[in-house]
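To start, the structure under review is shown below, and the notes come after it.
To find a chain, count down the sequence lines: A is the first, B the second, and so on, and within it residues start at 1. From a predicted model like this one, the values you see are computed outputs, not experimental measurements.
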2 protein chains.
Amino acid sequence: MDYTSYIEANKNRFISELFDLLRIPSVSADPAFHGDVLRAADFLSQKLREAGADKVEICPTAGYPIVYGEKIIDSSLPTVLMYGHYDVQPADPYELWHSPPFEPVIKDDKIYARGACDDKGQLYMHIKAFEMMMQQNQLPCNVKFMIEGEEEVGSNNLNTFVQQNKERLQADVIIISDTGIIANDIPSITSGLRGLSYVEVEVTGPNRDLHSGLYGGAVANPINILCKMIASLHDENNHITIPGFYDNVQELTAEERAEMAQAPFNVEEYKAALNLGDIHGEEGYSTMERNSIRPTLDVNGIWGGYTGEGAKTVIASKASAKISMRLVPNQTSEEITEKFHKHFTSIAPKSVKVIVKPHHGGEPVVTPTDSVAYQAASKAFEQTFGKKPVPVRSGGSIPIVAMFKSELGLDTVLMGFGLDSDAIHSPNEHYGVFNFLKGIETIPYFYKYYAEMSKG
Amino acid sequence: MDYTSYIEANKNRFISELFDLLRIPSVSADPAFHGDVLRAADFLSQKLREAGADKVEICPTAGYPIVYGEKIIDSSLPTVLMYGHYDVQPADPYELWHSPPFEPVIKDDKIYARGACDDKGQLYMHIKAFEMMMQQNQLPCNVKFMIEGEEEVGSNNLNTFVQQNKERLQADVIIISDTGIIANDIPSITSGLRGLSYVEVEVTGPNRDLHSGLYGGAVANPINILCKMIASLHDENNHITIPGFYDNVQELTAEERAEMAQAPFNVEEYKAALNLGDIHGEEGYSTMERNSIRPTLDVNGIWGGYTGEGAKTVIASKASAKISMRLVPNQTSEEITEKFHKHFTSIAPKSVKVIVKPHHGGEPVVTPTDSVAYQAASKAFEQTFGKKPVPVRSGGSIPIVAMFKSELGLDTVLMGFGLDSDAIHSPNEHYGVFNFLKGIETIPYFYKYYAEMSKG
């Protein structure tokens, strides 16, 4: 078969179709973009049909719809279920983008736009790879597509959809491209993901904003108190102080840590890329370990009091923060959210009131590297990159991977083509044209090898 | 003389004129209100003329103008210089106002509007008291008015104006109504004020916002770091930890503290009024001491990361805070700002960059209770309230009082008629109709007694 020439002949169309998708500001976290999120679902259902999918449907949920499509060529052949998400992160702060987030451009062979990599660029590779296999009559197995619009806000309705559609979603394996490779010349496959516990906290002091001159020093300032409470969540070694937080953490063996340490990493380059005066993190662990095999606690947002121009001498009534914790096997988001809630309220002084509101959570996962699916993915990478990919534990979270396992009994292969430097969730998110096209080339080999190896 | 009947006959006009002034949103901190601030200056210059002032002028400065007016009846008589400010604090958060901040209304005999008390309501008492004395040919001494438009943003140009107008501003005493009384049946005169040091800090971690999954735990999160730095500024006894912060603090004698303790204060009422679970503050000092004779450090505003709807898993590049310190005799704002700057940058870990930007400052003052001016004010209160007023050290700051002393060699008498419960700088600021009219009645007696007592 010849994929490279097909890609060469069609790459401009592939990219311009992706641009059309990227121009739709499908920000699921912000109600202001409601109509745009729905437009993205329409767009994908059309493209699935054009690529040759059957039974394409925009399935309603309590939130944003899930786009479904399938191609069943022979029920005796294995079935691959592809998952992706068409919603994107908010693009703010807009002023830090070099080009508007929803007006995609190519610079230095990179596609710049919100969602270019996460996940529009990566999910669209699958639709074009499918088109290519169909056009060349080389689809080696059955395929199903499930593309949701609420991944960036916690996939709140996916679970229900999966439970109500177990028949329709029957498959042998799930493939997701929402992760990355170490470098374009160092292919890798994600073999583990961190879980997530996300909470919003609100500290209330006086029942109204007060003049800091008349009341300063005599009432609890909710901002100062919130800062003290947040500061106390890490000790001097940057260990998290929440009682029982580490109880269930799966510690790696010396061998596993040694193997991890083989992955190429240059701390000076890392510092330079982010303009960091120094690295920072939990005592006793390397940077690569800190962002993959260790649980963390980060404030994602904080606000309170006067933040406008000039100086206002006010003591705010309330202060708030969004706090997320990344989890590792075998922590659970419910357990950690509960422990956070209990601890955070317990450390509040009597002079303030505290509310802890849980947002979405997700469970950590480790994917088996000895499975047929992983081996097939490994061979596919070797075929197109000319190198055996290394298994990597990622620091990110794809909560639904654990859910697919529990609800559908299916393992997932995380075959992503992004780079850590793609700035997903940040201003100037981008995705390499090389990565986009290489993904389209590699995916069909996964189907091929998976079909072959499943037989034997 | 008969002031009460004149006030009774004109009070509706007095109030409707004040309403006209309150309808002008003269917010000096926000450039969006630039034109409105200037309109307030025009309005006051007209009213001064109508009241009978001569040489009324809107004096330009590098910022907002200063309204000047005077009435010299006999150069051998003493001269009182009245100071006030026509600018107001920002009104946000607007949603917490029961009625629009710039549409004054009377509810339960209180005037609700931004600036109703601070300082439009209080400065306008002086213009109406002046009108009354003029109408009844009872002006007992010379009077000068100086009303500025930048008090809420640090009076940055007042100092220059004063230096350039020493001749024109020659007087024997300064009177300011920008403070309060303990209660409507417990008159008091402010005998001391705290100073102010105000800074804005910015902590920068990575050079861009990052995905908290891929980087969480491996880079310094500027919000967590800022919280740790702010938390460290107070120890477990709520003493401020900045080296040398208390070096020059004037400690009160046991006698002075005992006298202060005489002022009526009910901690349960205080907690109930603010819906506080508990009081809070520096170990070893009472609530009344904490907000008057002790220096403080409060965060007035904090912001960083994602503060919109929903959950965004981001590690922000920057986090910022506005921090103010209230100063007591004999601290100086320059000294404290310098010590804060030195300390705050010194406690920053190498993994972040810190900027400390000083805003305006002001010096603490103590006004002598044995001066002729204080005694005259005391007699005036006794006359109209039927009670001798108690001297009170206020926690607020009127930085220009110290400046008037150093530049013009003049003492100030702080003859305010507000209440702590007036919610100045807060939503639903208000000013009692009783207080407004009582001020208009009391001020002429101050002039009378001051003129008489100055002779002897």
Side-chain angles (χ1 to χ4, degrees), chain A residues 29-30 89-90 153 198 206-221 223-224 227-228 230-231 274-278 280-281 287 290-291 294 296 298-315 324 326 350-351 359 395-397 420 424-426, chain B residues 29-30 89-90 153 198 206-221 223-224 227-228 230-231 274-278 280-281 287 290-291 294 296 298-315 324 326 350-351 359 395-397 420 424-426:
Chain A
D30 186 344
Q89 279 277 317
V153 287
Y198 200 114
N207 56 2
R208 59 183 170 89
D209 288 1
L210 299 174
H211 185 294
S212 70
L214 302 183
Y215 291 92
V219 298
N221 179 324
I223 303 177
N224 291 76
C227 288
K228 257 204 190 315
I230 288 171
L274 300 172
N275 190 24
L276 297 171
D278 195 2
H280 178 99
T287 294
R290 287 166 173 171
N291 65 19
R294 297 299 294 171
T296 63
D298 274 296
V299 180
N300 301 111
I302 191 165
W303 65 100
Y306 185 68
T307 60
E309 286 225 22
K312 185 176 178 185
T313 50
V314 65
I315 292 177
S324 68
R326 295 284 167 173
K350 271 173 54 203
S351 51
H359 278 289
S397 304
D420 277 2
I424 66 172
H425 292 211
S426 302
Chain B
D30 186 344
Q89 279 276 319
V153 288
Y198 200 115
N207 56 2
R208 59 181 170 90
D209 287 2
L210 299 173
H211 185 294
S212 69
L214 303 183
Y215 292 91
V219 299
N221 180 325
I223 302 177
N224 290 77
C227 288
K228 256 203 188 320
I230 288 171
L274 300 172
N275 190 24
L276 297 172
D278 196 1
H280 177 100
T287 294
R290 287 165 173 172
N291 65 19
R294 297 298 295 171
T296 64
D298 275 296
V299 180
N300 300 112
I302 191 166
W303 65 99
Y306 185 68
T307 60
E309 285 226 21
K312 185 176 178 185
T313 50
V314 65
I315 292 178
S324 67
R326 295 284 167 173
K350 271 174 55 201
S351 51
H359 278 291
S397 303
D420 277 2
I424 66 172
H425 291 213
S426 302

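- The heavy-atom pair separating Lys312(B) from Tyr198(A) by the smallest distance is O-OH, 2.9 Å.
- Asn224(A) contributes atom CG, which lies 8.5 Å from atom CD1 of Ile315(A) (distance to the nearest 0.5 angstrom).
- Listed options Gly217(B), Gly213(B), Pro90(B), Gly395(B) were ranked by heavy-atom pairs under 4.5 angstrom with chain A; first place goes to Gly213(B).
- Of all the listed residues (Val153(A), Asp30(A), Leu276(A)), the one sharing the greatest number of non-hydrogen pairs under 4.5 Å with chain B is Leu276(A).
- Every residue two or more places apart in sequence or in another chain was checked for a salt bridge (charged side-chain N to carboxylate O under 4.0 Å, His left out) with Arg290(B), and none qualifies.
- The part of Arg208(B) that comes within reach of chain A is its side chain, from C-beta onward, which places non-hydrogen atoms under 4.5 angstrom from that chain.
- Comparing Lys350(B), His211(B), Arg294(B) by heavy-atom pairs within less than 4.5 Å of chain A, the highest count is held by His211(B).
- The contact between Arg326(A) and chain B is made entirely by side chain atoms (from C-beta outward), counting heavy-atom distances below 4.5 Å.
- Considering only heavy-atom pairs separated by less than 4.5 Å from chain B, the leading option among Gly281(A), Gly305(A), Ser426(A) is Ser426(A).
- Note: Ala218(B) leads Pro206(B), Ala218(B), Ala29(B) in heavy-atom pairs under 4.5 Å with chain A.
- The two residues Tyr306(B) and Trp303(A) make their nearest non-hydrogen contact at O-CZ3, 4.3 Å.
- Without hydrogens or angle criteria, Asn291(B) side chain to Leu214(A) main chain gives a donor-acceptor distance under 3.5 Å.
- Chain B forms more heavy-atom pairs under 4.5 Å with one residue of Val299(A), Ile424(A), Asn275(A) than with any other, namely Val299(A).
- Top candidate by heavy-atom pairs under 4.5 Å with chain B, chosen from Ser212(A), Gly308(A), Ser397(A), is Ser212(A).
- Listed here is the closest heavy atom pair of Ala231(A) and Ala231(B): CB-CB, 3.7 Å.
- When all heavy atoms are compared, the tightest approach of Ser324(B) to Asn300(B) is OG-OD1, 2.6 Å.
- Only the side chain of His359(B) comes within less than 4.5 Å of a heavy atom of chain A; its backbone N, CA, C and O stay farther away.
- Between chain B and the options Asp209(A), Thr296(A), Ile223(A), the largest number of non-hydrogen pairs under 4.5 Å is found for Ile223(A).
- Considering only heavy atoms from C-beta on, Asn221(A) stays 4.5 Å or farther from Tyr215(A) through its side chain.
- Only the side chain of Gln89(B) comes within less than 4.5 Å of a heavy atom of chain A; its backbone N, CA, C and O stay farther away.
- Contact count versus chain B (heavy atoms, under 4.5 Å) is highest, among Val314(A), Ile230(A), Thr287(A), for Val314(A).
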